[in-house]
Structure formats: C-alpha cells, structure tokens
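Data block below; observations after.
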Amino acid sequence: SAVISQKPSRDICQRGTSLTIQCQVDSQVTMMFWYRQQPGQSLTLIATANQGSEATYESGFVIDKFPISRPNLTFSTLTVSNMSPEDSSIYLCSVEGGQAGTRYEQYFGPGTRLTVT
Amino acid sequence: AQSVAQPEDQVNVAEGNPLTVKCTYSVSGNPYLFWYVQYPNRGLQFLLKYITGDNLVKGSYGFEAEFNKSQTSFHLKKPSALVSDSALYFCAVRASGGSYIPTFGRGTSLIVHP
C-alpha cells in the first residue's frame, strides 16, 4: 500500500486568501485524486491529476478556484483560492494502488482540515 | 452513470453481536466494489474489495462482504463486533470497463456499544 502525507494537517484562514495543500506519496503513481469531505459526510471528487498534463476537474469545480500542480510522480499540490466560509472542509489526497493485489484500491492521506473565517 | 446507496445513516450494535452495514449499487457492466473505513479524526482506510471470483470477500480486522449480483448488493459483515469497530464506513463502486473514478456512498456510522 502507498503511504501518503499531507501538509498542513489543519489551518484557519481568512476569507479572500489562498491556501496550498501539499501531498507527498512514498512511491511513484500515475494518477492522484483530490477530494473534499464535509466532516462526517461523503467524499466529493474535485479533480484528477496526472503528471505532465492538466488536471481533470469534476462538475462544479474549476481550475481558477482550485489550481492543481503535479510536477512529478510522487507529489501534487491543491490550492484553494479566494476562500470563503463555504470552502471550510477536509481536503483529501488519494492514489490508486498500482501493485499486483492492490490494483483499484485507493489510499488516502490523513487530510487537511480547513476552516475559513 | 454509477451510484451507491447506503440506506442507513447509523447502525447500532452491541459488542459481541454480529453486524451488517448495507450497500446497494448501480453500474453499467460488471462492478468493482469497495469498503473503506474512517476512524474519528483519521483518514480513510481501505477495508476490502470485490473484483471477480468468490462472492464472499474477506478483508482487514475480521470484516467480510458478500457480493450479490441479483440484488446488486455488497453488504459489509462481521461475526462479532468490537467497540473499536465504531467508525464511519463507506461503500464505493466503479465499473470494470468504464470510468476509473469510483463513486462513494454517503457513509454509515457504526456504533458498537459495550
């Protein structure tokens, strides 16, 4: 299984500012996923990030609001721009297992708990 | 389109009793099915999956799930619940030949009482 770390683990930000969340994986992966989760609720996929190409955004999410970088096969960042209180959520980074026996399984980072005031 | 239904927001069970967390799905073609668990203030962890083969799959922490194609269900089970099993459980589905992106259910909170 992949080990994923995220930074920061939590932050409190003022509206109108931006926060960049970092995701580091201990192995090379093709695709990385960014999710948003309201506490105690389900996951909503924001975008899929492949190394060397533009991220693919899900309906309701746009690049200007959530720019993503994917500079190499073990790292990605998600920026939450021009934040409002509605952006308060837990942001999760995820990758899919690539080894035999772990294919199709997803592994998640510990999450970044964002509060916008 | 693919979808997952977890009909129960919360399941309560006494420690030592069997537990079931329900999941039904809808997908075009053959499904890949998953269960994930989220302990309080922690990230999601993979629990088990059904890809092909035996309808009964076994996973971590003594959990198992049964794939029932006719009922389009993938219920999570454990013969004897532990208080430490209390967590949020998510079912997920993706089509074997379609989008690689899974759809997650809304989650079921399992509470195991001592």
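Chain naming here is simple, since letters A, B, ... match the order of the sequence lines and numbering starts at 1 in each.
- Between B/Tyr50 and B/Phe67, the angle of the ring planes stays under 30°, which puts this pair in the parallel group of the 30/60° scheme.
- Looking at A/Ser94, there are no atoms closer than 4.5 Å to chain B (heavy atoms on both sides), in backbone or side chain.
- Proximity to chain A involves both the backbone and the side chain of B/Leu44, based on heavy atoms less than 4.5 angstrom apart.
- Atom CG of B/Leu56 has more than 12 neighbouring heavy atoms from other residues, nucleotides or ligands inside a 6.0 Å radius.
- Interface residue A/Glu58: only side-chain heavy atoms are found under 4.5 Å from chain B.
- More than 12 heavy-atom neighbours from other residues, nucleotides or ligands sit within 6.0 angstrom of NZ on A/Lys65.
- Ranked by heavy-atom pairs under 4.5 Å with chain A, the first of B/Ser109, B/Pro40, B/Gly105 is B/Gly105.
- Residue contact with chain A, scored on non-hydrogen atoms closer than 4.5 Å, involves the side chain of B/Phe34 exclusively.
- Between A/Tyr107 and A/Val95 the shortest side-chain heavy-atom distance falls below 4.5 Å.
- Side-chain contact between A/Phe108 and B/Gln45: absent, with no pair of heavy atoms (C-beta onward) separated by less than 4.5 Å.
- Contact annotation for A/Gln106: both backbone and side-chain heavy atoms come within less than 4.5 Å of a heavy atom of chain B.
- Around the CG atom of A/Asn72, the shell of radius 6.0 Å holds more than 12 heavy atoms that belong to other residues, nucleotides or ligands.
- Interface residue B/Ile51: only side-chain heavy atoms are found under 4.5 Å from chain A.
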